[in-house]
2 protein chains.
Amino acid sequence: MYTLTYTIKQKMQKDTTSENLPLAEIAYRAIREEILNNQFKAGEQVLEKALVERFGISRTPVREACVRLEKEGLIEIKPRHGIRVKPISVEDMAEIYDILTALESEAARILAEKQLTEEDYKSLAAPTEAMEQALENDQLEAWAEADEAFHLALVNLTGNQRLKQVVLQFWGQAHRVRYFTLHLRPKPTGSTQDHIDLVNAIKAGNANLAAEIHRNHRIKGKHTLLNLLETYRFVQL
Amino acid sequence: MYTLTYTIKQKMQKDTTSENLPLAEIAYRAIREEILNNQFKAGEQVLEKALVERFGISRTPVREACVRLEKEGLIEIKPRHGIRVKPISVEDMAEIYDILTALESEAARILAEKQLTEEDYKSLAAPTEAMEQALENDQLEAWAEADEAFHLALVNLTGNQRLKQVVLQFWGQAHRVRYFTLHLRPKPTGSTQDHIDLVNAIKAGNANLAAEIHRNHRIKGKHTLLNLLETYRFVQL
DNA sequence: GTGTACGTTAATGTATACATTAATTTTTAG
DNA sequence: CTAAAAATTAATGTATACATTAACGTACAC
């Protein structure tokens, strides 16, 4: 059962960053965080009233938070049955991966056609090195984090804010599933090399090659994940 | 100045489709429609109070509608200054076109790898024919509508609901600008052929070619539009 | 025992009241 | 007359009250 470990007001005292934020924003972030962590689990339903009581705030900001989360694709609002964390099926993951493949390959293409600074390259190289390190030390969580950082840097460097936002949105939807399967999949030894190859193609200004490399990287990832989900009979998560 | 021609309640009586919809949903659709039509113009600010009075409903559903529209990228909520229709700059259009290019090319690729029915092909061929017809009769609005229908069919046939939703979202953001420039641009005579070529590539099952054709089609469209915006010094719309 | 009609409950959609504070106006000190 | 300070206003963020109705339970007919 979903329960919060602290109330909003406690959070507000502790957390200096949220001091001036509207309650709706705080509630939005708090609920979102718990969904991504899998503390508020897929398929689980919670009544508005329950959220209100746990947060110690009124229905209005809770409702606003829910509306935003629904638009973001993380929950469904089911009238009279509260909100429900949208479970992600194998088909959903396929949808998400196809979108990320398209958008990130486009990002790779854009970067290859753009003049990047040393700093920019560093923001790609650093996560790649972190991935390698993490793999050597068998730290899968750290690896996943560095991998996310790389992919985020990729879209970030394009300067296309909308592209970045959409990628983050779907990344959010997929996040849970990726962490579930993290310890079940074979060691992602190929990823580091793919990233290095991609950066080289970008450096060489070869847009088609960069896009192609990243497309294949993502397709590989998609297949690994979908196979895993089917092997373990995860119908939805 | 932005004024509604009818109140929500009048609309509810007329419009049987919205009979059971929540007021928040009705307000959302009404405001969205007026933004897309350019009745509620880019850069224009309206106070919540004004919307409440025009719609004859309370602040709560109006607010919910605004939150949704903000998430959708159509407006900004500016505390104490109401909501503001986000103007679209040349850079914004470039961002949007890059995303649509990536997603629709992916759609083309997916369709080429998929078995489509005769019905499916019809949903692509019909808008293409409509485009040709409209062009012959110099009906630019009809042409634009058919063109939209083609692009929508393209993503729709993939079966990827998320892909479709994202494309529609950005299409919504760009809609206004496309209509602005519709009568300023050279007759889009090449578009029909591009669409025919695309369908042929899909039929032939040539995924890379299909993606490539559509990518080039979109890039052409992007350049035409951006040049137009610069020629006419439309800094933002 | 089963199924239908009725009454009750409770969750949400909507309206409204209240609190907060940015923005504006007025006042006043120099 | 100028500029800082104080008072006022108004818009929003939040809380709460009210209305509606789906969902549930109970009673009754058969």
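Letters A, B, ... mirror the listed sequences (proteins, then strands); counts begin at 1.
Each of B:Thr60 and A:Pro79 lies near DNA chain D, and the nucleotide nearest B:Thr60 is the one positioned closer to the 5' end.
Here B:Glu64 lies out of heavy-atom contact (under 4.0 Å) with every strand.
What separates OH of B:Tyr28 from P of C:dT14 is a distance of 16 Å, to the nearest Å. Nucleotide C:dT16 holds its C1' atom 10 Å from the CZ atom of B:Arg59, rounded to whole Å. Atom CD in B:Glu48 sits about 15 Å away from atom P in C:dT16, given to the nearest Å. Nucleotide C:dA11 holds its C1' atom 13 Å from the CD1 atom of A:Ile77, rounded to whole Å. When rounded to the nearest whole Å, the span between CG of B:Leu47 and C1' of D:dT12 equals 10 Å. The distance between atom CG of A:Leu21 and atom P of D:dT14, rounded to the nearest whole Å, is 10 Å. The interatomic distance linking A:Leu23 (CG) with C:dC18 (P) rounds to 19 Å, in whole Å. Counting to the nearest Å, the C1' atom of C:dT21 and the NZ atom of B:Lys78 are 18 Å from each other.
When each of B:His81, B:Lys86, B:Arg84, B:Gln45 is paired with B:Glu76, the side chain to side chain donor-acceptor pair (under 3.5 Å) condition holds for B:Arg84 and for no other.
Taking 4.0 angstrom as the limit, B:Ser58 places a side-chain polar atom (N or O) nearer than this to OP1 or OP2 of C:dA15. Of the side-chain N and O atoms in A:His81, one or more sit less than 4.0 angstrom from OP1 or OP2 of D:dA23.
A distance of 6.0 Å or more separates the ring centres of B:His195 and B:His214.
With hydrogens and angles ignored, a donor-acceptor pair under 3.5 angstrom links the side chain of B:Arg80 to the base of C:dT21.
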